[in-house]
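The block underneath contains the structure these notes are about, expressed in structure tokens.
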Amino acid sequence: MIERLQALTIKKQYNARFELSCSIDIKKGPLYTIVGPNGSGKSTLLRILGLLEQPDSGEVIYYQNGMPLPNPHNNTEIRRKVVLVPSRAALFHETVFQNAAYGLRLRKIGKNICEERIMKALNEVGLAGKENINACELSSGESQRLALARALVIEPDIFMLDEPTASLDPDNTHIIEKIIKDKKEGSQQIMIMVTHNLYQAKSLSDFIIYMYGGAIVEVTAAGAFFEKPSTGLAQKFVFGEVY
């Protein structure tokens with residue numbers, strides 16, 4: 001199992017105005033939540049940590065049994081241990097069950113194991129009983145919950161969420177937040193989330209990664225961050241002076 005990841009002096013240039021430049025060390029167990037103003041590089045950092053983008057320089061290192069794993073970006077087996085749930089679900093024109101099974105099919109998991117995992121995950125996200133309907137008939141909230149189920153069935157070592165409740169109604173937001181909260185209890189995974197919802201970050205997170213202008217300004221325990229951030233920039237953000 002992957003128990004730690006590091007980003008060492010990674011840089012990613014998008015245009016003359018923005019460059020991501022940071023380092024971070026993340027261990028399994030706690031939920032790390034990345035917060036910061038729009039355009040601070042949160043989702044870019046998440047995608048680089050999740051091996052969906054390569055940095056222009058620097059490196060991302062995954063550790064297993066205390067040892068670094070070589071070339072994670074080019075290692076299919078390592079990449080299959082990582083899942084990132086985007087803010088908008090991308091579903092196939094197939095049944096709910098078939099959508100939930102997608103990642104397991106790629107990994108050639110046996111049929112009996114697939115069925116057991118899928119029904120368990122659909123039950124966890126409140127979609128049990130809808131497994132045979134077309135996923136395109138789901139509401140936006142149900143679609144996002146299905147995307148979450150599709151990630152849960154894989155049982156990844158690294159579980160990432162990018163704005164998992166963006167634009168959802170309170171009922172679906174509550175369901176997804178409860179799933180995340182239950183998931184992190186006693187978790188042996190690396191868990192990282194990006195959110196703009198500070199109430200969500202405060203209630204769910206163990207550690208806060210605060211970003212501004214493409215840099216990580218501070219990494220602080222969630223309780224301490226929301227009570228008294230250690231940097232002036234983070235204080236202005238928490239108190240609504242920086243958006």
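Hydrogens, waters and symmetry mates play no part in the numbers below; they use all other heavy atoms, side chains included.
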Taking atom [atom1] of [X] and atom [atom2] of [Y], what is their separation to the nearest 0.5 Å?
X      : Y      : atom1 : atom2 : result
Ile216 : Ile24  : CD1   : CD1   : 4.0 Å
Leu138 : Ser143 : CG    : OG    : 4.5 Å
Met1   : Gln64  : CE    : CD    : 9.0 Å
Asn65  : Ile2   : CG    : CD1   : 10.5 Å

Give a yes or no on whether [X] and [Y] share a hydrophobic cluster (residues Ile, Leu, Val, Met, Phe, Trp, Tyr; joining criterion: side-chain heavy atoms under 4.5 Å apart).
X      : Y      : value
Met193 : Leu51  : no
Val194 : Ile209 : yes
Val125 : Ile154 : yes
Ile34  : Val238 : no
Leu52  : Val83  : no

So, do [X] and [Y] sit near enough that their side-chain heavy atoms are less than 4.5 Å apart?
X      : Y      : result
Ile48  : Leu20  : yes
Leu69  : Asn75  : no
Leu45  : Ile10  : yes
Ile78  : Pro72  : yes
Asn38  : His196 : yes
Lys11  : Pro55  : no
Ile192 : Leu84  : no
Tyr62  : Asp157 : no

More than 12 foreign heavy atoms under 6.0 Å from [atom1] of [X]: is that the case here?
X      : atom1 : result
Lys27  : NZ    : yes
Arg88  : CZ    : no
His174 : NE2   : no
Phe226 : CZ    : yes
Lys184 : NZ    : yes

Contact summary for [X] and [Y], nearest pair of heavy atoms:
X      : Y      : answer
Pro30  : Asp206 : CA-OD2, 3.3 Å
Arg107 : Val82  : NH2-O, 4.4 Å
Ala201 : Thr195 : CB-CG2, 3.9 Å
Ile109 : Cys114 : O-SG, 3.4 Å
Ile26  : Leu49  : CD1-CD1, 4.3 Å
Ala222 : Ser205 : CB-O, 3.4 Å

Answer yes or no: is there a donor N or O on one side and an acceptor on the other, between the side chain of [X] and the main chain of [Y], under 3.5 Å?
X      : Y      : answer
Asn99  : Phe92  : yes
Glu59  : Ala7   : no
Ser23  : Thr9   : yes
Gln144 : Thr165 : no
Asp162 : Ser43  : no
Arg79  : Asn74  : no
His93  : Asn134 : no

Who else is in Tyr63's hydrophobic cluster (ILVMFWY, side-chain heavy atoms under 4.5 Å, direct or via others)?
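Leu8, Ile61, all in the cluster of Tyr63.
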Can you tell me which residue among Phe159, Phe207, Tyr210 is in a ring pair (Phe, Tyr, Trp, His ring centres under 6.0 Å) with Tyr32?
Phe207
Test side-chain contact (heavy atoms from CB on, under 4.5 Å) applied to Gln200 and Thr173, step by step:
CA-CA 9 Å; Gln200 185 175 86; Thr173 295; 4.2 Å; yes
Salt bridge or not between Glu116 and Lys120? Use side-chain N to carboxylate O under 4.0 Å.
no
Leu161 vs Leu148, side-chain contact (heavy atoms from CB on, under 4.5 Å): CA-CA, chis, key distance, verdict:
CA-CA 9 Å; Leu161 305 112; Leu148 193 55; 3.7 Å; yes
Is it the case that the side chains of Glu177 and Ser203 hold a donor-acceptor pair, with the cut-off being a distance below 3.5 Å and no angle test?
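The criterion, which ignores hydrogens and geometry beyond distance, is not satisfied for Glu177 and Ser203.
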Output all residues satisfying side-chain contact (heavy atoms from CB on, under 4.5 Å) with [X], sequence neighbours left out; order by chain, then residue number.
X      : value
Asn112 : none
Thr95  : Phe97, Gln98
Gln235 : Pro229, Phe239
Lys181 : Glu185, Leu204

Go through the steps to decide whether Glu131 and Ile118 satisfy the test side-chain contact (heavy atoms from CB on, under 4.5 Å), and finish with yes or no.
CA-CA 9 Å; Glu131 57 270 17; Ile118 290 166; over 6 Å; no
For Val35 and Asn197: C-alpha separation, side-chain torsions, deciding distance, then whether side-chain contact (heavy atoms from CB on, under 4.5 Å) applies.
CA-CA 8 Å; Val35 301; Asn197 186 330; over 6 Å; no
Output every pair passing salt bridge (Lys or Arg N to Asp or Glu O under 4.0 Å) with a member in residues 135-154, not counting sequence neighbours, ordered by first then second residue.
Lys130-Glu142
Apply the salt bridge (Lys or Arg N to Asp or Glu O under 4.0 Å) test between Glu155 and each candidate in Lys81, Lys183, Arg117; give the one that qualifies.
Arg117
